[in-house]
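Each chain gets a letter, A, B and so on, in the order its sequence line appears, and its residues count up from 1. All values below come from the heavy atoms of this structure, side chains included, with hydrogens, waters and symmetry mates left out.
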2 protein chains.
Amino acid sequence: MNTPIDTRENLLHLATEIVQLVGYNAFSYRDLAGRAGITTASVHYHFPTKGDLALAMVERQRVLDRAVFSKLDVDVPDPFRRLQAFCAAMRRELENGRRMCLCGMLAAEHETLPPAAVEAVHAFFTDTEGWLGAVLLVGRQAGVVAFTGPAAPVAQALLSAVEGAMLTARAFGDLGRFDAATKWHLARLKP
Amino acid sequence: MNTPIDTRENLLHLATEIVQLVGYNAFSYRDLAGRAGITTASVHYHFPTKGDLALAMVERQRVLDRAVFSKLDVDVPDPFRRLQAFCAAMRRELENGRRMCLCGMLAAEHETLPPAAVEAVHAFFTDTEGWLGAVLLVGRQAGVVAFTGPAAPVAQALLSAVEGAMLTARAFGDLGRFDAATKWHLARLKP
DNA sequence: GTCTATAAGATGATAGAC
DNA sequence: GTCTATCATCTTATAGAC
């Protein structure tokens, strides 16, 4: 028997996958409802408006990614390898269905999102940059990462570079592009 | 009197601006027709389908950008400064209406584009990477740009980084983010 | 929570007059 | 080339029964 799980969580999971693939504006309640096996009216019960759904998707992603960061902090002691593991995690989205980073996609379409969702996207980037910055600092102290000055701008440059690498690699359907770009950027951080 | 210029060119110009701002799927014939001061039926006369319009936009952008590259080759003799000038050109889209790179936007939404348009987007990236690669090579020979190995992967990494910098800077409405990221990436190419 | 039914409007697109 | 008129379809969203 299919344990019917939490419908809301299931909807968020499915919606996220669709948005990552085709974008927020090409995604419809109809499509989502169809995949979830319910009607659009039922989707509206959980998420009254499309903007509510967008916001909920980003909030959920933030929680998931915080868990990923915590796990990486534990599982990958070496800070430089943690940066590599971060890239590998992003790469997995590409591998598993040619999906863009959710917030990278929403960033492109941010002009069409409700303000609350845009703020949530900001928070996602800020979260990720904060974690990357911390890894960079620890890495520098440990002598396995090299850069000068504050970590924040480097973290911003690194995250945006990874987002851009996903964007272009996805357009070409070529994982090698992502690998080459991220490898190059990480190599610039080697002592 | 308004010289009515070429309607087709005018439509492509307006359509490009809209897509750069809100994306391909949030953009409609109605919106475009309204701005051009004609009806949607007239737009369909010039571009039978939305996919035809997408393809024409990208082809036009490629021509415009080739002209930009040629001008930079003439006006900016120093190869490193030419890379800076390239970033400045991309930055201008951000300044002038918070617009994403047309092909960066279409790359995000490529799953919803007709195959011919996707190929045109590929060609845009290949064009740009080719030019960047040539600048990188000349720069290395002149001793003003430093990198090891072939230029192509470096050009890919640089272009994707610039696209990512536009993506995130735009989401925050913060030009400083674009400046900081591109400055950092270009600094990695200094001898 | 999920359904049926429905609304009001937008969407890409076409036929045919001028 | 541009228009009016029209189309079928899709879109987000709501009301009310079960």
Side-chain angles (χ1 to χ4, degrees), chain A residues 1-19 21-58 60 105-106 109-118, chain B residues 1-19 21-58 60 105-106 109-118:
Chain A
M1 308 286 176
N2 288 336
T3 311
I5 328 176
D6 183 17
T7 301
R8 183 189 151 94
E9 167 63 19
N10 188 227
L11 286 173
L12 287 174
H13 169 74
L14 292 172
T16 298
E17 281 196 347
I18 303 173
V19 171
L21 191 65
V22 302
Y24 176 72
N25 291 301
F27 144 90
S28 74
Y29 270 50
R30 194 188 243 194
D31 187 8
L32 174 59
R35 298 195 200 209
I38 60 178
T39 65
T40 61
S42 299
V43 179
H44 277 286
Y45 167 80
H46 294 278
F47 308 99
T49 73
K50 203 180 174 185
D52 295 328
L53 177 51
L55 176 59
M57 275 189 281
V58 178
R60 170 177 171 274
M105 183 66 86
L106 294 180
E109 299 177 296
H110 81 273
E111 287 282 345
T112 65
L113 297 178
V118 174
Chain B
M1 309 289 174
N2 289 338
T3 310
I5 328 176
D6 182 17
T7 301
R8 184 190 151 91
E9 167 61 19
N10 187 227
L11 287 172
L12 287 174
H13 170 72
L14 291 171
T16 299
E17 281 195 346
I18 304 172
V19 171
L21 190 65
V22 301
Y24 176 72
N25 292 302
F27 145 89
S28 74
Y29 269 52
R30 196 186 243 194
D31 187 8
L32 174 59
R35 298 195 199 209
I38 60 178
T39 65
T40 60
S42 299
V43 179
H44 276 287
Y45 167 80
H46 294 279
F47 307 100
T49 74
K50 204 179 173 184
D52 294 329
L53 177 51
L55 175 60
M57 276 190 280
V58 179
R60 171 177 171 274
M105 183 67 85
L106 294 180
E109 299 178 293
H110 83 272
E111 287 281 346
T112 66
L113 298 178
V118 175

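- In this structure, B:Glu111 has no salt bridge (Lys or Arg N to Asp or Glu O under 4.0 Å) partners at least two apart in sequence or on a different chain.
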Scoring nucleotides 8-18 of chain C by protein non-hydrogen atoms under 4.0 Å (B base, S sugar-phosphate only, - none) yields --SBSBBB---
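- With sequence neighbours excluded, the residues forming a side chain to side chain donor-acceptor pair (under 3.5 Å) with A:Thr112 are A:Asn25, listed by chain and number.
- For C:dC3, the OP1/OP2 oxygens have a side-chain nitrogen or oxygen of A:Ser42 closer than 4.0 Å.
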Return all side-chain donor-acceptor pairs below 3.5 angstrom for residues 12-19 of chain B, not counting sequence neighbours, or 'none' if the list is empty.
residue, atom, partner, partner atom, Å
B:Thr16, OG1, B:Leu12, O, 2.7

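- The side chain of A:Thr7 contributes an N or O atom lying less than 4.0 Å from OP1 or OP2 of C:dT2.
- Listed by first then second residue, pairs satisfying ring pair (Phe, Tyr, Trp, His ring centres under 6.0 Å) with a partner in residues 21-44 of chain A read A:Tyr29-A:His44, not counting sequence neighbours.
- Listed pair B:Tyr45 / D:dT2 fails the phosphate criterion, with no side-chain N or O lying under 4.0 Å from OP1 or OP2.
- The structure places CD1 of B:Ile38 at 5.5 Å from NE2 of B:His46, a figure rounded to the nearest 0.5 Å.
- Rounded to an integer number of Å, the gap from NE2 of A:His46 to C1' of D:dA13 is 16 Å.
- Pairs engaging residues 35-57 of chain A under the salt bridge (Lys or Arg N to Asp or Glu O under 4.0 Å) rule: A:Asp31-A:Arg35 [sequence neighbours left out].
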